[in-house]
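Labels below follow one simple rule: chain letters A, B, ... track the order of the sequence lines, proteins then strands, and each chain is numbered from 1. All heavy atoms count here, side chains included; hydrogens, waters and symmetry mates do not.
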Amino acid sequence: MVKEMVRVRFAPSPTGHLHVGGARTALFNYLYAQHAAGKFILRIEDTDMERSTKESEEKLIESLLWMGISWDEGPDIGGPYGPYRQSERKFTYRQMAEQLLEEGKAYEVFAYPEEIKKLHDALMAMGKAPHYTEEMFKEFDTPERRRAFKEKGLTPAVFFKMPRKEYAFIDLVKGEVVFKEGSLGDFAIMRSNGLPIYNFAVVIDDISMEITHVIRGDDHLSNTLKQLALYEAFGIVPPKFAHVSMILGPDGKKLSKRHGATSVEEFRDKGFLPEAFINYLVLLGWSHPEGKEIMSIDEMIREFSIERLHSSPAVFDVTKARWMNGVYIRQVNLERVTELAIPYIVEKGYMTEEQAKANIKWLRKAVDSVRKSVETIEEIPEKLEVYFKGPEIIELPVKTEEEKQVVLVLKKIREHLEELDVWDHKAVVDIVKNAVKEIKPDRKLFYQTFRKVLTGMDEGPELVEILFLLGKNKVTDRIDRAVGNLC
RNA sequence: GCCCCCAUCGUCUAGCGGUCUAGGACACUGGCCUUUCAAGCCGGCGGCAGGGGUUCAAAUCCCCUUGGGGGCGCCA
């Protein structure tokens, strides 16, 4: 028997930025498809006309692409199972709803949304489960109401007759899930404006796109009951489900804006590298069989399996995400890090883009000298400050013998530097070393003072790096500023 | 109110009945390296939510309690 081709999908609604939770779901789907040599489909769930926007869809695609995720079929590239936007599939939904209507598995409702809402709230207020029955809607079906619907161009809403029985399925990550009889009442599948309700549209789409595995967030677990009943009504074997647990904020609540950055865009803008971002993300709810943590997307694909998906929720730990980004910044090639840092440097006003381009070799060395002290690209400019901003005027202490010696060394270095024709790394270092050897100051005191003289700070890149990258003029100038009018 | 899910160091996790005095990573912390900070290297702290079973044997299986999360919409 030929094993059927794996077809998975990521089906976001274009109502905002791509959230890290969605990003992780997309990643898992992508990895699974790649691993199984199957197809990964992007489908836009835009049946909520009021909240869906084209811009959101574009941003969604942009974020996905940034993460290194691409799809085999989708609204932008098409495919054999299109269209891939729910708003473009209206006809199919209508048709399928008709079928259920004809078979007596669904019924029409002539109530207005507000009336149903009222019904819902009343049930809740009475402490009852908000379960609808066909009975409840009978009173709305009057000749007047039918006429009103016609005049307003409305079609009756369609409600599905939820069978009152127990449903069970095997979830690939949770195991067997059983929904007791009566956990749900009848539910809407078509709105009076003619558009389908989410739970109905997903089922129709998953059927017609021949989706084999549904990997999605835990928050959809309860929805599975409705979907199972729908599959049953159509007489179709449902796909396999895998419900991945939620991503939580540090307070244990579902991750949201108040926890800080939650969209992929924000992480990109803060200077996260996509490979670091997805690497951190993949570890939230999944683990490498050998416990490896730092891994490329190729390795994720190679090792990914649904069996290794974890069933409990995960707290998003920004500290660890940042640490991991730092690992990548140190490890990735210098040209790229520099390139990524330029916009931030320009923004800080240290260089124009033209200057950066003209001095790219120098810039790379400068970036290289600070990259191990940052965790995001965004932090690079502030570390580069030593090269762009001179120190404030500082007064060197010359009270003790040691302090006087330090000044002597500084002066000596300045003299020799002045005579230097070629600003060569080794030559500069030699001058410093020889001066130290000759005058023999307190080494620690000397180097610390020298650093202070050059940068005005107590910490930063290696001194020889600073010297070389600063260049002759800046070095002599800064020494002059500190030592010029001293003994 | 009803339904579903989850429960190993502060956090992410390994563990799928004996190899666990529970392993790794981040964070924290001590040391080394070093002219500084960082990076790096070595070490330390720290956990099976509680209670019942099942079993010769339980972090691992079952039940209850507690705690957390999600859902019950003409939202997705």
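- Minimum atom distance to the side chain of P130(A) is reached by G1(B), of the listed U13(B), G1(B), C3(B).
- Residue K226(A) has its side chain nearest to C72(B) when only C4(B), C72(B), C6(B) are considered.
- When the side-chain nitrogen and oxygen atoms of H310(A) are compared with OP1 and OP2 of A14(B), one or more of them lie within a distance under 4.0 Å.
- Taking atom P in both A22(B) and C3(B), the straight-line distance is 40 Å, to the nearest Å.
- P250(A) comes within 4.0 angstrom of no nucleic acid atom, judged by non-hydrogen atoms across all strands.
- Nucleotides A49(B) and U60(B) place their P atoms 8 Å apart, quoted to the nearest Å.
- Among the atoms of the strands shown, none is found under 4.0 Å from any heavy atom of G182(A).
- U13(B) and G53(B): their P atoms are spaced 33 Å apart (whole Å).
- At a cut-off of 3.5 angstrom, the base of C74(B) holds at least one donor-acceptor pair with the side chain of S192(A).
- Rounded to a whole Å, the CG atom of D218(A) is 10 Å from the P atom of C5(B).
- For C75(B), one of the phosphate oxygens OP1 or OP2 lies less than 4.0 angstrom from a side-chain nitrogen or oxygen of R191(A).
- One N or O donor and one acceptor, one from the side chain of R451(A) and one from the base of U36(B), sit under 3.5 Å apart.
- The ring-ring contact (aromatic ring centres under 6.0 Å, His included) test with F187(A) is passed by exactly one of F159(A), Y107(A), F160(A): F160(A).
- Contact annotation: T47(A) side-chain N/O to A76(B) OP1/OP2 distance is under 4.0 Å.
- Of the candidates U35(B), G70(B), A38(B), G70(B) carries the atom nearest the K254(A) side chain, counting heavy atoms from C-beta on.
- Among U35(B), G24(B), C74(B), the nucleotide with an atom closest to any side-chain atom of E293(A) is G24(B).
- Counting only N and O atoms by type, the side chains of D171(A) and H243(A) include a donor and acceptor under 3.5 Å apart.
- Y198(A) has no side-chain polar atom (N or O) that falls below the 4.0 Å cut-off from OP1 or OP2 of G73(B).
- Look at CG on L309(A): it is 10 Å from P on A14(B), rounded to the nearest Å.
- U29(B) and G43(B) make up a base pair, with Watson-Crick or G-U wobble contacts both under 3.5 Å.
- Among C72(B), G10(B), A38(B), the nucleotide with an atom closest to any side-chain atom of D317(A) is G10(B).
- For F187(A) and C3(B), the CZ to P distance is 19 Å, given to the nearest whole Å.
- In this structure, of G69(B), U36(B), A25(B), it is U36(B) that holds the atom nearest to the side chain of E459(A).
- Look at R216(A) and you won't find any side-chain N or O under 4.0 angstrom from OP1 or OP2 of G70(B).
- Each of L225(A) and K253(A) has a nearest nucleotide on RNA chain B; the 5'-most of these lies closest to L225(A).
- Across U35(B), C4(B), G1(B), the shortest atom-to-atom separation from the side chain of M124(A) is found for G1(B).
- Contact check, S287(A) against A14(B): a side-chain N or O comes under 4.0 Å of OP1 or OP2.
- For G40(B), the OP1/OP2 oxygens have a side-chain nitrogen or oxygen of R330(A) closer than 4.0 Å.
- Ring orientation note: the planes of Y132(A) and F137(A) are tilted relative to one another, at an angle of 30° to 60°.
- As rounded to the nearest Å, G17(B) and A58(B) have C1' atoms that lie 6 Å from one another.
- At least one side-chain nitrogen or oxygen of S311(A) sits closer than 4.0 Å to the OP1 or OP2 atom of A7(B).
- The base of A25(B) lies close enough to the side chain of K320(A) for a donor and an acceptor atom to sit less than 3.5 Å apart.
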